[in-house]
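Naming: A, B, ... by sequence-line order, numbering from 1 per chain.
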Amino acid sequence: MLTIQSLRDEKERIITALQKRHFDAREAIEAILEWDSDRRKTQAALDETLAQSNALSREIGGLMREGKKDEAEVIKSKTAAFKVQSTELKEQMQALEDQIHNALCHIPNAPHGFVTAGRNAEDNIEIFRSGNAATLDHHKKPHWEIAEECQLIDFELGAKVTGAGFPFYRGKGAKLQRGLIRYFLERADEGGYEEFIPPHMINAESGFGTGQLPDKEGQMYHMPEDELYMIPTAEVPLTNIYRDVIVKEADLPIKLCGYTPCFRREAGSYGKDVRGLNRLHQFDKVEVVQLSKPEASYDTLDSMVDHVKGLLEALELPYRILRLCGGDMGFTAAMTYDFEVWSAAQERWLEVSSVSNFETYQAHRLKCRYKSADGKSHWVHTLNGSALALPRIVAALLENHQDETGIQIPEALAPYCGFERIDYPT
RNA sequence: GGAGAGGUGGCCGAGUGGCUUAAGGCGCACGCUUGGAAAGCGUGUUUACCUGAGAGGGUAACCCGGGUUCGAAUCCCGGUCUCUCCA
């Protein structure tokens with residue numbers, strides 16, 4: 001979330017930036033600043049009351065030690081008024097702090113200066129398109145047909161055992177899945193990202209830290225018995241490693257990666273877009289996360305974009321990169337690049353990666369700082385990106401690399417799968 | 001699931017309800033000492049907020065949350081985590 005300090009210092013800039021999201025923050029921010037000024041006055045009064053009350057207590061302590069019980073009793077009688085006063089002030093403080101905190105939680109991150117003011121996905125800016133345009137003539141099977149014919153993925157079996165959106169992968173389909181995960185992890189390893197296998201469930205504190213709670217509560221599977229949530233992305237456990245941590249400046253940038261299944265309720269998604277692998281409740285993803293110094297974080301973002309680019313190049317998939325407009329960006333991001341692969345059979349773009357810089361927005365919620373040489377602490381910048389999300393990559397591989405007799409696995413990937421082709425049944 | 005023990009600063013570790021934000025040690029930083037190093041000596045070494053031009057001053061925090069008390073690291077209740085034993 002945004003800090004009070006930043007609202008005090010650059011109120012107008014933040015209001016203007018938030019307008020790119022079509023989020024009118026003026027009223028909320030002015031209210032917050034008002035409450036904050038009350039809060040400071042209240043704290044000054046409270047501190048003063050407690051100081052006086054502490055002084056009396058010390059005096060009583062001294063008298064008791066000297067055995068002057070009667071004098072102590074006299075002073076004791078004076079403390080009651082301070083106690084009443086401090087209790088009241090504490091309640092006021094708490095109320096103001098809660099009010100401020102709640103209001104701050106509902107203000108999204110201020111977009112970076114380069115982000116444009118569009119309203120939705122149509123206003124995103126294409127900043128790159130790969131050269132390898134896919135051409136498919138009469139062999140144009142969508143991936144769900146291929147997956148069924150070749151017995152790679154069984155959607156119906158998943159629907160029986162669990163529900164729609166929880167497919168089984170089998171045979172070469174499962175091996176392709178495993179190969180991709182390993183391939184992505186090896187590339188991340190080469191890129192200097194330390195691999196983690198994190199828990200697949202998280203507590204509410206972690207959900208708050210990365211910004212899934214309270215705003216996107218409905219998107220996560222929740223187990224109220226244990227107050228745990230299924231992770232919607234490895235971003236949550238990986239980034240929360242650094243919750244309540246002060247890192248050493250020399251340790252930055254910190255680079256983490258991890259493969260996890262991701263669980264999303266996808267409430268309200270129906271129809272054509274959810275066919276096959278296009279939208280699932282459980283899917284696999286390799287995620288990369290970085291903690292960076294503020295001055296370096298946009299270079300870091302570029303390097304993460306390059307990393308994802310390298311993966312898509314190696315998989316020989318036609319893709320484009322979009323810089324999201326204000327209206328299409330996630331709540332917590334300051335800048336986001338989406339990667340989309342072209343599905344020749346479906347004739348549409350499929351989002352396979354989202355790479356974002358959150359600047360200090362998550363760091364504030366996480367309380368993650370670093371200490372510089374002069375001993376001062378500063379908020380880190382957090383970033384993350386999918387590298388990559390599997391289902392749509394699988395869809396694009398099956399659809400774009402199909403020919404008369406089957407699917408050709410890209411050269412870079414084949415060693416990880418253990419086969420070079422998936423042949424159609426004869 | 002049951003029984004017990006425990007959670008104190010970067011780390012180890014002491015702590016009798018008041019003189020304890022916290023002894024002592026280690027580590028770290030700076031200085032002195034030295035030809036140089038080690039040892040030794042000295043000084044410093046948490047975080048957040050409020051206040052102040054600054055020096056500084058104030059408040060809070062000893063796993064978390066409540067409570068008792070003029071006053072809680074210390075006493076009481078609840079939670080949580082770790083360890084040991086049992087199932």
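- In this structure, A:Lys309 satisfies the cation-pi test against A:Phe128, with its NZ or CZ atom closer than 6.0 Å to the six-membered ring centre and inside 45 degrees of the ring normal.
- Screening A:Leu277, A:Leu152, A:Asn278, A:Leu398 against A:Trp144 for a side chain to side chain contact (heavy atoms under 4.5 Å, CB included) leaves a single residue, A:Asn278.
- Pair check for B:rA55 finds none; no Watson-Crick or G-U wobble contact set falls under 3.5 Å.
- Atom-to-atom, CG of A:Asp47 to P of B:rU51 comes out at 10 Å; the value is rounded to the nearest Å.
- The residue among A:Leu46 and A:Arg369 whose nearest nucleotide of RNA chain B is located toward the 5' end is A:Arg369.
- Pairing for B:rG35 is absent, judged as Watson-Crick or G-U wobble with the two contacts each under 3.5 Å.
- Base pairing annotation: B:rA23 forms no Watson-Crick or G-U wobble pair, as no partner gives both donor-acceptor distances under 3.5 Å.
- Comparing the same atom, C1', in B:rC63 and in B:rA73 gives a spacing of 12 Å after rounding to whole Å.
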Every protein N/O lying under 3.5 Å from an N/O of nucleotides 63-70 of chain B:
unit_1 : atom_1 : unit_2  : atom_2 : d
B:rC70 : O4'    : A:Thr79 : OG1    : 3.2
B:rC70 : O2'    : A:Ser57 : OG     : 3.2

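- The side chain of A:Gln43 lies closest to B:rG58 when the candidates are B:rU51, B:rA60, B:rG58.
- One can place NE2 of A:His378 at 15 Å from C1' of B:rU47, the figure rounded to the nearest angstrom.
- Between A:Arg40 and A:Lys371, it is A:Lys371 whose nearest contact on RNA chain B lies nearer the 5' terminus.
- Comparing the C1' positions of B:rC19 and B:rU84 gives an interatomic distance of 40 Å, to the nearest angstrom.
- A:Asn54 has a side-chain polar atom (N or O) that falls below the 4.0 Å cut-off from OP1 or OP2 of B:rU59.
- For B:rG4, the paired nucleotide is B:rC83, the pair qualifying as Watson-Crick or G-U wobble because both relevant distances are below 3.5 Å.
- In this structure, A:Lys41 places its NZ atom 24 Å from P of B:rG58, rounding to the nearest Å.
- The partner of B:rU69 is absent, by the rule that a Watson-Crick or G-U pair needs both atom distances under 3.5 Å.
- Separation of atoms CD (A:Glu359) and OG1 (A:Thr382) is listed at 9.5 Å; rounding is to 0.5 Å.
- Applying the salt bridge (Lys or Arg N to Asp or Glu O under 4.0 Å) rule to A:Glu190 yields the partners A:Arg187; only residues at least two apart in sequence or on another chain are considered.
- A:Glu295 is linked by a salt bridge (Lys or Arg N to Asp or Glu O under 4.0 Å) to nothing, counting only residues two or more places apart in sequence or in another chain.
- A gap of 11 Å separates the C1' atoms of B:rG9 and B:rU47, to the nearest Å.
- A:Ser377 is linked by a side-chain contact (heavy atoms from CB on, under 4.5 Å) to A:Arg369, counting only residues two or more places apart in sequence or in another chain.
- Remark: B:rG9 base-pairs with no nucleotide in the shown strands. Criterion, Watson-Crick or G-U wobble with two distances under 3.5 Å.
- No option in A:Gln99, A:Arg8, A:Gln5 other than A:Arg8 meets the side-chain hydrogen bond (donor to acceptor under 3.5 Å, both in side chains) test with A:Asp36.
- A search for ring-ring contact (aromatic ring centres under 6.0 Å, His included) contacts involving A:Tyr370 returns A:His378, not counting sequence neighbours.
- Distances shown here put a side-chain N or O of A:Arg39 below 4.0 Å from the OP1 or OP2 atom of B:rC50.
- Distance NZ (A:Lys367) to P (B:rA61): 16 Å, rounded to an integer number of Å.
- Taking the C1' atoms as reference points, B:rC64 lies 10 Å from B:rC81, given to the whole Å.
- Rounded to whole Å, the separation between the C1' atoms of B:rG15 and B:rA23 comes to 8 Å.
- Remark: P of B:rG52 and CD of A:Glu48 are 14 Å apart, rounded to the nearest angstrom.
- Under the rule for a salt bridge (Lys or Arg N to Asp or Glu O under 4.0 Å), A:Arg264 has no partner lying at least two apart in sequence or in another chain.
- In this entry B:rU74 has no Watson-Crick or G-U wobble partner, no candidate having both defining distances under 3.5 Å.
- For B:rA3 and B:rG18, the P atoms lie 34 Å apart once the distance is rounded to whole Å.
- Of all nucleotides present, only B:rC30 satisfies the Watson-Crick or G-U wobble test against B:rG42, with each distance under 3.5 Å.
- Taking atom CD on A:Glu97 and atom C1' on B:rU59, their separation rounds to 12 Å, with Å as the unit.
- Spacing between B:rC83 and B:rC77 at atom P, rounded to whole Å, works out to 25 Å.
- Spacing between atom CG of A:Leu50 and atom C1' of B:rA61 amounts to 13 Å, rounded to whole angstrom units.
- Rounded to whole Å, the distance from CD on A:Gln5 to C1' on B:rA48 is 13 Å.
- B:rG58 and B:rU21: their C1' atoms are spaced 15 Å apart (whole Å).
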